[in-house]
Amino acid sequence: QVQVVESGGGLVQPGGSLRLSCAVSGRTFSTYAMGWFRQAPGKEREFVATINWSGSSTDYADSVKGRFTISRDNVKNTVYLQMNSLKPEDTGVYYCAGGRGTNSSRTPSRYGYWGQGTQVTVSS
């Protein structure tokens, strides 16, 4: 059974940083893409960042480009999201997702395995 578990969320002041982690078990982690999505209260889930199976290709939503960095460690079966210069509009539940294939994607339907999410709150 595949398990996807996020951690690292919390409360941070505007301009601060957080690093989210996502540990995956029950599947050959190194053979598929991973993604991060988020959902703010009253809004639909939106794409944040994605990384291909090897880590050689990444893609970001325009709203986080230059501030967030996605990376992966295929030995530790973990994907990370380093979030810098956080803004109040970054507040939401952040979800990690395991892809159905090797290539990164912005499309939620291309992901078959989802975590329960971790709350990120940016507020003074």
Side-chain angles (χ1 to χ4, degrees):
Q1 184 176 355
V2 179
Q3 286 191 317
V4 179
V5 181
E6 305 97 335
S7 62
L11 172 64
V12 62
Q13 292 186 343
S17 298
L18 280 176
R19 188 175 85 151
L20 306 183
S21 299
C22 172
V24 180
S25 61
R27 193 180 180 203
T28 306
F29 179 79
S30 61
T31 62
Y32 53 92
M34 295 294 297
W36 286 97
F37 294 78
R38 68 186 181 189
Q39 188 166 18
K43 295 188 177 181
E44 294 187 354
R45 191 172 300 188
E46 65 174 359
F47 164 76
V48 175
T50 181
I51 188 167
N52 73 336
W53 68 278
S54 66
S56 63
S57 175
T58 59
D59 187 26
Y60 299 90
D62 288 344
S63 58
V64 307
K65 198 171 295 183
R67 300 187 297 122
F68 291 11
T69 302
I70 187 171
S71 62
R72 66 188 296 159
D73 185 331
N74 285 349
V75 174
K76 295 183 178 180
N77 290 358
T78 301
V79 63
Y80 305 96
L81 185 68
Q82 178 66 46
M83 306 185 295
N84 298 329
S85 302
L86 283 161
K87 304 175 181 179
E89 51 263 44
D90 294 319
T91 294
V93 178
Y94 283 68
Y95 297 92
C96 176
R100 301 181 188 275
T102 58
N103 294 328
S104 53
S105 174
R106 296 185 172 206
T107 307
S109 62
R110 297 291 297 273
Y111 295 84
Y113 306 92
W114 292 82
Q116 294 300 306
T118 185
Q119 176 71 44
V120 172
T121 303
V122 184
S123 175
S124 56

Without swapping roles, check the side chain of [X] against the backbone of [Y] for a donor-acceptor pair under 3.5 Å.
| X | Y | result |
| --- | --- | --- |
| Thr78 | Lys76 | yes |
| Arg100 | Ser109 | yes |
| Ser54 | Ser56 | yes |
| Asn77 | Ser25 | no |
| Glu6 | Cys22 | no |
| Arg67 | Ser85 | yes |

Point to revise | Within 45° cone of Tyr113 ring axis and under 6.0 Å: Arg27 NZ or CZ | key: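 No, a cation-pi geometry is absent between Arg27 and Tyr113.
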Review point. Above 12 or not: heavy atoms from other molecules or residues under 6.0 Å from CZ of Arg106?
Key: yes
Check your understanding: Hey, is CD on Gln116 packed in by over 12 heavy atoms from elsewhere, all under 6.0 Å?
Key ->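 No, not enclosed.
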Single hit among [options] for side chain to side chain contact (heavy atoms under 4.5 Å, CB included) with [X]:
| X | options | answer |
| --- | --- | --- |
| Thr50 | Asn103, Thr58, Asp59 | Asp59 |
| Val120 | Leu18, Leu11, Val93, Leu81 | Leu18 |
| Met83 | Val122, Thr69, Leu20, Val12 | Leu20 |

Can you name the nearest heavy-atom pair linking [X] to [Y], along with the distance?
| X | Y | value |
| --- | --- | --- |
| Ser124 | Pro14 | N-CD, 3.7 Å |
| Tyr32 | Val24 | OH-CG1, 3.0 Å |
| Val79 | Ser71 | CG2-O, 3.0 Å |
| Phe68 | Val48 | CD2-CG1, 3.8 Å |

Report whether [X] and [Y] are members of the same hydrophobic cluster (ILVMFWY, side-chain heavy atoms less than 4.5 Å apart, transitive linking).
| X | Y | result |
| --- | --- | --- |
| Tyr60 | Phe37 | no |
| Ile51 | Tyr111 | no |
| Tyr80 | Val4 | no |

What is the distance from atom [atom1] of [X] to atom [atom2] of [Y], rounded to the nearest 0.5 Å?
| X | Y | atom1 | atom2 | value |
| --- | --- | --- | --- | --- |
| Tyr95 | Trp36 | OH | CH2 | 12.0 Å |
| Arg38 | Gln119 | CZ | CD | 12.0 Å |
| Arg72 | Ser30 | CZ | OG | 7.5 Å |
| Ser123 | Asp90 | OG | CG | 12.5 Å |
| Ser104 | Asn52 | OG | CG | 5.5 Å |

Check your understanding: Would you say Met34 and Trp53 make side-chain contact, with heavy atoms under 4.5 Å?
Key -> no
Practice item. Before accepting this row, confirm whether a basic side-chain N of the pair Lys65/Asp62 lies closer than 4.0 Å to the acidic partner's carboxylate O. Key: yes
**Study point:** Donor-acceptor side-chain pairing of Ser17 and Asn84 below 3.5 angstrom
**Key:** yes
